[in-house]
Amino acid sequence: MTVENTSVRARHRSAENPDASLPVAATDGSVAQWTDRYTHALMDTFGAPQRVLVRGEGAYVWDADGNRYLDLLGGIAVNSLGHAHPTLTAAISAQLGTLGHVSNFFGSPTQIAFAERLLALAGAPAGSRVFLTNSGTEANEAAFKLARRNGGTDRPRVLALEGSFHGRSMGALALTHKAAYREPFEPLPGGVEFVPFADTEALEAAFAVDGDRVAALFLEPLQGEAGVRPLPPGYLALARKLTAEHGALLILDEVQTGMGRTGAWFAHQLPHIGGGIVPDVVTVAKGLGGGFPVGALIAYGERTATLLGRGQHGTTFGGNPVASVAGLATIAVIERDGLLAHVAALGATFRERLATAALVSEVRGEGFLIGIELVAPVAAAVAARALDAGFIVNPCTPTTVRLAPPFLLTAEQAGTFVDFLVGLPEDLS
Ligand SMILES: *Cc1c(COP(=O)(O)O)cnc(C)c1O
């Protein structure tokens, strides 16, 4: 997996820019120099970057000083095929060299084939349809609009869970629970009510009064940003029963959990999570394009699929041929290389081994979406030490370190991080 530094860099440069007289993007400079330029050019919404990265290959990335990191975060559950995957790179390049963008006044074979592929993977019944977007936020925004079309003003209530994360646009933010994200931007689109997490009685209570005025219930099958938190067994089945009884839509946000991340194409397809339910809407993005920005809303069945009618939603980029081929190529590689089975199997042993570290109290998750719960609120310190040791991980809560590595991660690579974590002192601060 390790590749000699300079030859790879040279190869990538010539692929990016065969016309050497037109230098499109400079890459020379140290991490410190680039970080300084970053802080003067980019808004401070993310804070200063931890490192400035210049290239990737497989499960590794390199920073501008030449340091190598094992990428156990995968661009936050995005780079399912790792970095610079040759099949994905070739598919995107070929499509861009053939037909890169057309407006949605026109169709393209890749867009159509991609939508058909998603419907097939979803096991969606006849009459189901897809709306293609550029991100998870946009997929959820579309789902919110679709939910409004379910009953309109007769159904003003929209339910989401405490701890939920659905995105940062005004609509998706209205569905997102975290006060620090919401409060600076209030008032947000109305009608959203938050139900206590994982509480079946609270869910029943939310439908017990005015249940027929609920347009939709939004759920992550496994809450990602909140610390890789699973719902209790049977919860999705109960959600399906209550929404069906009251004519509300069950909308599953699989932006983080979908497209193979949990060892199944969709987390709700895992029997112990979904129990065989069929949702009304599933949203996906993150890993969908293997690193290329693309998202989708899948609407199950004729009635849900026609709630957004002609002219009621739109997008300029959504469904463009390059994004669509990125999705098709990513799916094709996952299938060809048997990566769902690999993610399920290695994910299980990886989690077991992580749990042996003294600093770890519990390991949650499915497949390659892993939440490492620590015995103390030292997740940020663990992530900082990991980075210095050459591992990219994410402290998604003060006590939780999240991993979402590429699907092609090997047992040996996983083992290097286990050894690192086991070697950390228990009294880390
Ligand atoms: C990341 C995420 C989103 C937002 O997706 P973007 O592509 O960042 O817009 C929405 N929902 C969930 C569950 C996510 O993890």
Side-chain angles (χ1 to χ4, degrees), residues 43 45-46 73-80 131-147 158-178 181-182 185 188-189 192 194 197-198 216-231 236 239 250-262 265-268 273-274 279 281-298 315 317-320 323 326-327 330 364-371 394-397 400 402-405:
M43 267 192 205
T45 54
F46 302 100
L73 186 59
I76 317 183
V78 167
N79 296 296
S80 35
F131 185 89
L132 295 170
T133 70
N134 311 291
S135 68
T137 296
E138 287 169 80
N140 287 331
E141 198 69 37
F144 199 164
K145 285 181 71 176
L146 187 146
V158 175
L159 305 181
L161 291 198
E162 292 184 357
S164 61
F165 182 86
H166 297 294
R168 306 287 206 118
S169 65
M170 295 301 264
L173 185 58
L175 298 161
T176 293
H177 181 242
K178 196 169 177 171
Y181 292 169
R182 302 167 53 83
F185 304 100
L188 292 164
V192 181
F194 293 100
F197 178 73
L217 167 62
F218 280 78
L219 292 178
E220 296 159 82
L222 213 90
Q223 285 192 341
E225 301 302 305
V228 192
R229 296 199 297 173
L231 288 163
L236 279 193
L250 177 60
I251 300 180
L252 299 183
D253 179 345
E254 295 235 26
V255 168
Q256 189 156 160
T257 55
M259 300 320 294
R261 174 60 46 196
T262 64
W265 284 114
F266 301 95
H268 76 269
I273 290 185
V281 172
V282 168
T283 56
V284 282
K286 289 207 163 85
L288 182 57
F292 201 88
V294 53
L297 173 155
I298 305 167
T315 166
F317 291 120
N320 86 74
T330 302
R364 294 183 295 268
E366 297 286 341
F368 275 6
L369 183 57
I370 299 173
N394 168 243
C396 62
T397 82
T400 317
R402 172 176 48 174
L403 310 183

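These values consider heavy atoms only, across backbone and side chains, with no hydrogens, waters or symmetry-generated copies. What you see is a predicted model, and the numbers here were worked out from it, not measured in a lab. In each ligand, atom 1 is the first atom listed, and ligand 1 is the first ligand listed.
Polar contact check, Glu220 against ligand 1: no nitrogen or oxygen pair lies under 3.5 Å apart. Checked by distance only, ligand 1 and Ala285 stay at 3.5 Å or farther apart across all their nitrogen or oxygen atoms. Residue-to-ligand polar distances keep Val255 apart from ligand 1: every N/O pair is separated by 3.5 Å or more. For ligand 1, the polar-atom distance check finds no N/O of Glu138 at less than 3.5 Å from any of the ligand's N/O atoms.
Within a 6.0 Å sphere centred on CZ of Phe194, heavy atoms belonging to other residues, nucleotides or ligands number more than 12.
Residue Thr283 holds its OG1 atom at 13.5 Å from CZ of Phe144, rounded to the nearest 0.5 Å.
The single protein non-hydrogen atom nearest to atom 9 (O) of ligand 1 is Thr137 OG1, 2.5 Å, given as residue, atom name and distance.
Ligand 1 places these atoms under 4.0 Å from at least one heavy atom of Asp253: 10 (C), 11 (N), 12 (C), 13 (C). When each atom of ligand 1 is checked for a heavy atom of Ser135 under 4.0 Å away, the hits are 7 (O), 9 (O). Distances below 4.0 Å separate heavy atoms of Gly136 from the following atoms of ligand 1: 5 (O), 6 (P), 7 (O), 9 (O).
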Inset, instruction - Just do the side chain to side chain contact (heavy atoms under 4.5 Å, CB included) check on Leu252 and Leu236 with the steps written out, would you? - result: CA-CA 10 Å; Leu252 299 183; Leu236 279 193; 4.0 Å; yes

Inset, instruction - Show the numbers, then the answer: is there a side chain to side chain contact (heavy atoms under 4.5 Å, CB included) between Glu220 and Ser164? - result: CA-CA 7 Å; Glu220 296 159 82; Ser164 61; 3.8 Å; yes

Legend entry - Audit row: Leu250, Leu219, side chain to side chain contact (heavy atoms under 4.5 Å, CB included) steps and yes/no: CA-CA 8 Å; Leu250 177 60; Leu219 292 178; 3.9 Å; yes

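At a threshold of 4.5 Å between non-hydrogen side-chain atoms, the residues Val255 and Phe165 do not count as touching. Residues Arg364 and Thr400 form a side-chain contact, since some pair of their non-hydrogen atoms from C-beta on lies under 4.5 Å apart.
Within the 4.0 Å heavy-atom criterion, neither part of Arg168 lies near ligand 1. Contacts between His166 and ligand 1 below 4.0 angstrom, taking non-hydrogen atoms only, involve the backbone exclusively. Looking at Asn140 against ligand 1, only its side chain comes within 4.0 Å, counting heavy atoms.
Among Glu254, Glu225, Lys286, Glu141, the residue whose heavy atom lies nearest to atom 15 (O) of ligand 1 is Lys286.
Taking a cutoff of 4.0 Å between a charged side-chain nitrogen and a carboxylate oxygen, Arg402 and Glu225 qualify as a salt bridge.
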